[in-house]
Amino acid sequence: MKKLLLNIYETLHRVYGPQHWWPARTRFEIIIGAILTQNTAWSNVEKAIANLRRERLLTPDGIKKTRKSKLARLIRPSGYYNVKTDRLKDFVNYFYSAYGGSLRRMFSCDTAKLRRELLGVKGLGRETADSILLYAGKRPVFVIDAYTTRVLSRHGIIRDNDDYDQIQSIFTENLPADYLLFNEYHALIVRLSKEACRKRPNCRACPIADLF
DNA sequence: GACCAGGCACATC
DNA sequence: GATGTGCATGGT
């Protein structure tokens with residue numbers, strides 16, 4: 001499995017090149033994006049992010065001080081806007097009460113402790129917490145999302161009923177705990193899934209098909 | 001007009 | 001622990 005996973009990574013990296021993830025300007029923007037993209041197409045999240053940026057609210061203080069009704073209006077394009085407004089508020093409430101709104105302080109925490117804390121915030125599940133840890137915190141935590149599950153399932157590496165932790169352990173038990181590797185690997189999986197592995201798979205365009 | 005998209009909380013069994 | 005449901009927009 002170790003060899004297979006590295007082969008997949010090397011092949012994807014050779015074919016697609018570095019992906020430069022996460023698509024965001026700041027660490028805080030990564031966190032906002034991670035929440036807004038829950039079960040939502042990224043193109044819709046971009047519109048919401050652009051609205052927040054235009055209003056100069058893409059900051060902890062901006063989210064904290066803005067009324068829910070206004071936040072909801074601005075993030076409307078990303079869908080589930082009432083739910084997500086509460087999630088943004090819940091996150092910044094935690095962020096201020098635990099770390100005084102300082103990303104540097106939050107990310108000076110031990111990874112396991114911070115993950116437990118993030119999972120304790122309503123609205124942050126495993127994927128969102130892990131995305132924050134990996135892409136904003138630069139921690140070697142592998143993110144399992146719909147793309148990852150789809151690719152692994154289609155190539156027979158997992159079964160359909162494997163849960164998040166089981167899938168994640170395939171990566172963490174077989175790869176070195178390297179932030180840059182986990183970042184690039186996950187981004188490449190997303191790229192592969194979009195290019196060749198959608199609902200109607202184009203397996204002839206799949207660069208890793210020969211590795212199995 | 002159906003179907004899909006980088007989840008999650010909550011109720012119920 | 002497993003399963004079902006609500007949340008909502010914009011692109012194909």
Side-chain angles (χ1 to χ4, degrees), chain A residues 12 16 18-25 27-52 54 68-95 115-137 139 141-155 157-171 182-202:
Chain A
L12 292 175
Y16 296 129
Q19 301 299 300
H20 307 296
W21 265 39
W22 180 289
R25 299 183 191 178
R27 286 186 297 173
F28 188 73
E29 185 180 327
I30 292 172
I31 295 170
I32 299 303
I35 293 170
L36 294 183
T37 199
Q38 290 170 0
N39 205 39
T40 300
W42 182 252
S43 57
N44 288 355
V45 177
E46 287 179 321
K47 300 177 205 304
I49 296 265
N51 289 343
L52 292 172
R54 192 185 60 246
K68 281 191 184 183
S69 56
K70 180 173 182 183
L71 267 186
R73 178 165 50 79
L74 292 171
I75 69 168
R76 188 174 187 277
S78 71
Y80 307 116
Y81 50 84
N82 290 314
V83 172
K84 286 175 179 174
T85 295
D86 286 338
R87 289 179 182 176
L88 294 180
K89 286 289 193 183
D90 285 344
F91 173 76
V92 293
N93 283 342
Y94 150 76
F95 184 46
R115 187 174 195 267
R116 278 195 303 274
E117 279 186 17
L118 291 172
L119 290 175
V121 179
K122 190 162 71 166
L124 303 191
R126 288 175 290 193
E127 182 188 333
T128 308
D130 288 346
S131 295
I132 291 170
L133 288 166
L134 176 67
Y135 288 108
R139 305 305 171 86
V141 176
F142 210 99
V143 173
I144 306 303
D145 57 10
Y147 294 127
T148 313
T149 307
R150 187 185 309 149
V151 168
L152 295 187
S153 170
R154 195 146 284 159
H155 289 94
I157 297 175
I158 59 169
R159 304 168 204 279
D160 288 338
N161 54 7
D162 283 347
D163 74 2
Y164 190 98
D165 299 314
Q166 290 174 294
I167 300 169
Q168 189 177 47
S169 70
I170 292 174
F171 290 98
F182 285 12
N183 176 324
E184 200 60 46
Y185 206 146
H186 176 249
L188 284 166
I189 285 173
V190 174
R191 176 73 183 273
L192 168 67
S193 187
K194 287 181 172 174
E195 299 262 348
C197 211
R198 288 268 185 187
K199 267 279 176 199
R200 178 175 295 169
N202 181 5

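When reading the values below, keep in mind they use all heavy atoms of this one structure, side chains included, and skip hydrogens, waters and symmetry mates. Letters go in sequence order (proteins before strands), and every chain restarts at 1.
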Using atom types as modelled and distance alone, determine if a side-chain donor or acceptor of [X] lies under 3.5 Å from a backbone N or O of [Y].
{"X": "A:E184", "Y": "A:Q19", "answer": "yes"}
{"X": "A:H155", "Y": "A:V151", "answer": "yes"}
{"X": "A:D162", "Y": "A:R159", "answer": "yes"}

Rounding to a whole Å, what distance do you find between [X]:[atom1] and [N]:[atom2]?
{"X": "A:Y164", "N": "B:dG7", "atom1": "OH", "atom2": "C1'", "value": "11 Å"}
{"X": "A:F91", "N": "B:dC8", "atom1": "CZ", "atom2": "P", "value": "14 Å"}
{"X": "A:I144", "N": "B:dC8", "atom1": "CD1", "atom2": "P", "value": "12 Å"}
{"X": "A:R198", "N": "B:dC3", "atom1": "CZ", "atom2": "P", "value": "18 Å"}
{"X": "A:I35", "N": "B:dC8", "atom1": "CD1", "atom2": "C1'", "value": "12 Å"}
{"X": "A:N82", "N": "B:dG7", "atom1": "CG", "atom2": "P", "value": "20 Å"}
{"X": "A:D130", "N": "B:dG7", "atom1": "CG", "atom2": "P", "value": "13 Å"}

Query raised in the report: Base, sugar-phosphate, or nothing: which does A:T128 touch, judged by heavy atoms less than 4.0 Å apart?
Result: sugar-phosphate

Query - Any residue of residues 39-48 of chain A with a heavy atom less than 4.0 Å from an atom of DNA chain C - result: A:N39, A:N44, A:K47

Query raised in the report: Are a donor atom and an acceptor atom from the side chains of A:T148 and A:D145 found within less than 3.5 Å of each other?
Result: yes

**Report entry** A:Q168 side chain to A:R126 side chain, donor-acceptor N/O pair below 3.5 angstrom
**Finding:** no

Query - Rounded distance in Å between the P positions of B:dC8 and C:dG10 - result: 22 Å

Query raised in the report: If the C1' atom of C:dT3 is compared with that of B:dA5, how far apart are they to the nearest Å?
Result: 22 Å

Report task. Tell me, please, the opening and closing nucleotides of DNA chain C, 5' to 3', among those with an atom under 4.0 angstrom from a non-hydrogen atom of chain A. Result -> C:dC7 to C:dG11

Atom pair [atom1] ([X]) and [atom2] ([Y]), whose distance is rounded to the nearest 0.5 Å:
{"X": "A:L192", "Y": "A:L188", "atom1": "CG", "atom2": "CG", "result": "8.5 Å"}
{"X": "A:L88", "Y": "A:Y81", "atom1": "CG", "atom2": "OH", "result": "14.5 Å"}
{"X": "A:W42", "Y": "A:S78", "atom1": "CH2", "atom2": "OG", "result": "10.0 Å"}

Query raised in the report: Does A:R150 place a side-chain N or O at less than 4.0 Å from the phosphate oxygens OP1/OP2 of B:dA5?
Result: yes

Report task. Kindly assign one of parallel, tilted or perpendicular to the pair A:Y185 and A:F142, based on the angle between their ring planes and the thresholds 30° and 60°. Result -> perpendicular

Requested in this report: Please list residues of residues 120-127 of chain A whose heavy atoms come under 4.0 Å from any atom in DNA chain B, ordered by number; otherwise none.
Outcome: A:V121, A:K122, A:G123, A:L124, A:G125, A:R126, A:E127

